[in-house]
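Numbered from 1 within each chain, the chains take letters A, B, ... in sequence-line order.
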2 protein chains.
Amino acid sequence: MGSEALRHSGKPRYLQIADDLADQIRSGVLAPGVKVPSESEVMGRYGVSQGTVRKAVAELRTAGLVETHHGRGSYVRSLPPVRRKSSDRFRRSHRKAGKAAYLVETEGAGHTPGVHVLYVGPMDAPTDIADHLGVAEGSKLLARRRRYFVDGVPTEEATSYLPWSIAEAVPELLRDNPGGGGIYARLEEHGHHLAEYVETVRARLATKQETTALQLSPGAPVIHLVRAAVTDEGNVVEVCDTVMAADRFVLDYRIPACD
Amino acid sequence: MGSEALRHSGKPRYLQIADDLADQIRSGVLAPGVKVPSESEVMGRYGVSQGTVRKAVAELRTAGLVETHHGRGSYVRSLPPVRRKSSDRFRRSHRKAGKAAYLVETEGAGHTPGVHVLYVGPMDAPTDIADHLGVAEGSKLLARRRRYFVDGVPTEEATSYLPWSIAEAVPELLRDNPGGGGIYARLEEHGHHLAEYVETVRARLATKQETTALQLSPGAPVIHLVRAAVTDEGNVVEVCDTVMAADRFVLDYRIPACD
DNA sequence: TAGTGGTCTAGACCACAGG
DNA sequence: CTGTGGTCTAGACCACTAA
């Protein structure tokens, strides 16, 4: 009985099994990409029922150690490359090189970047975005939604929102590729001189859609970052809403000391 | 059979039940703090077995909507206070008021702050901290570990590390309460003029210990923040390692645009 | 003690992937 | 087709909590 094993160790059987497997993964007995023994095999090996094995594997999944695929099996997760989002990525000098920040960052780390444009076009302002932009809810905005990849693995999904009145004066913004230096370069070329960026960072569990879009395990955490670009006049001309796979990013910020 | 219901909706029964309950919570039918119907009651109401109900409740738990207590029942989580860590919280002018940043932030939001000092004393430098401080691994450091509360609920655990050579010259740092303005004020009084703070932000799932310390549900995400305090001379005099319950914080950063 | 959530079983059927 | 993970049941026993 399970209760017997429980008395022996003071720990649920499914956690013992999960720890056993986790040790094998961390020690390299089960290498990244390798198939984890099937449920029925683990059932036999430990003499437990399927439900117990499933609970054990669920533990490993939320710990980010394995990913499960219906009909195929469970596999040890290969650790994805970590990208570092530094706060000086918005320097104008970087834009002059003509490359977007993510390209430089990713290639510099020896990885292959990729972007997929999901949508570029008009959209009614959602409440939270409207708040940031200082416009009415439901106002017409330009939305630019794209998904970023590193070595073919999706890591990030970002949507930029701009008031339509600003966007229509900058024709490049309606194209999939806004050109060298990205949309901030285009905005500054059209007289919107940027003074600062304000970022707010949250962390939470991924929604079902995000789990799919970013190929995450259920229960995996994401970083939700909202950045507002503010001009010299104090106007917010763009808001960028980004959802990142938490285990693939580290955010860096430099805060100058002041009085 | 479950398969029948599955065909009807294309959705697993346990998710239907979870969604039903989630709707009742969001619509206010089940208010914060209220007891969720017991497993046996839900079993009867939906005509499913205990395992199915448990999976549904597990969903609500990882979604942060509910907390379960062995032997007592499940309760709708009362929305926790959100503290806003603005990047200007380290201004010297705030320190002159004599209050620590967390006190001002928490009281300003209408909540009752609390601190519990867990440890103040010497410690050997862990590798990552040693890297930040630019000292050898295993060097003698002063460690100051404390847990922060909001309205009695633990929200954050932070450890400050300082090279022992610096700490021993500032006697207040060895006391539980370092005095008005916190350790940054003491450091500046002793000639360490701070030029900037560098923060690195990660998000991940809580470990077992963190789950206990911060009273989180298993599988809940945390924000892991490491801040280095840098002097005019470019020396790192303090590193603060903080783990926060992700759903209780929003981090704010202002990034000045520059060339 | 009664009621609650936590663990476990033995067996069933389903949906998916691959040979 | 076989083997895999995903869902579900009916029933059992345990551990914790509160009356």
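Residues of residues 48-57 of chain A having a heavy atom closer than 4.0 Å to DNA chain C, listed by number: A:Val48, A:Ser49, A:Gln50, A:Thr52, A:Lys55.
We find that CZ of A:Arg72 is positioned 12 Å from P of D:dG6, with the value rounded to whole Å. If you take NE2 of B:His70 and C1' of C:dG3, they are 11 Å apart, rounded to a whole angstrom. Protein atom CZ of B:Arg13 is 17 Å distant from nucleotide atom C1' of D:dA10, rounded to whole Å.
A:Thr200 OG1 to A:Leu225 CG: the interatomic distance, rounded to the nearest 0.5 Å, is 6.5 Å.
Listed by chain and number, the residues in a salt bridge (Lys or Arg N to Asp or Glu O under 4.0 Å) with B:Arg175 amount to none (sequence neighbours excluded).
Side chain of B:Arg248 to backbone of B:Pro154: a donor-acceptor contact under 3.5 angstrom is found.
Note on B:Arg61 versus B:Glu67: no salt bridge recorded, every NZ/NE/NH1/NH2 to OD/OE distance being 4.0 Å or above. Under the 4.0 Å criterion applied to side-chain N and carboxylate O atoms, B:Glu156 and B:Arg147 are not assigned as salt-bridge partners.
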Please table the atom pairs, donor to acceptor, closer than 3.5 Å between any side-chain atom in residues 25-37 of chain B and protein atoms at least two apart or in another chain.
| from | atom 1 | to | atom 2 | distance (Å) |
| --- | --- | --- | --- | --- |
| B:Ser27 | OG | B:Asp23 | O | 3.0 |
| B:Ser27 | OG | B:Gln24 | O | 3.3 |

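The side chain of B:Ser40 contributes an N or O atom lying less than 4.0 Å from OP1 or OP2 of C:dT4. Remark: B:Ser38 is in phosphate contact with C:dT4, judged by side-chain N or O atoms under 4.0 Å from OP1 or OP2.
Relative to the side chain of B:Pro12, the nucleotides D:dG5, C:dT4, D:dC8 differ in distance, and D:dC8 lies closest.
Mapped onto DNA chain C by nearest heavy atom, A:Tyr14 and B:Ser74 fall at different nucleotides, with B:Ser74 at the one closer to the 5' end.
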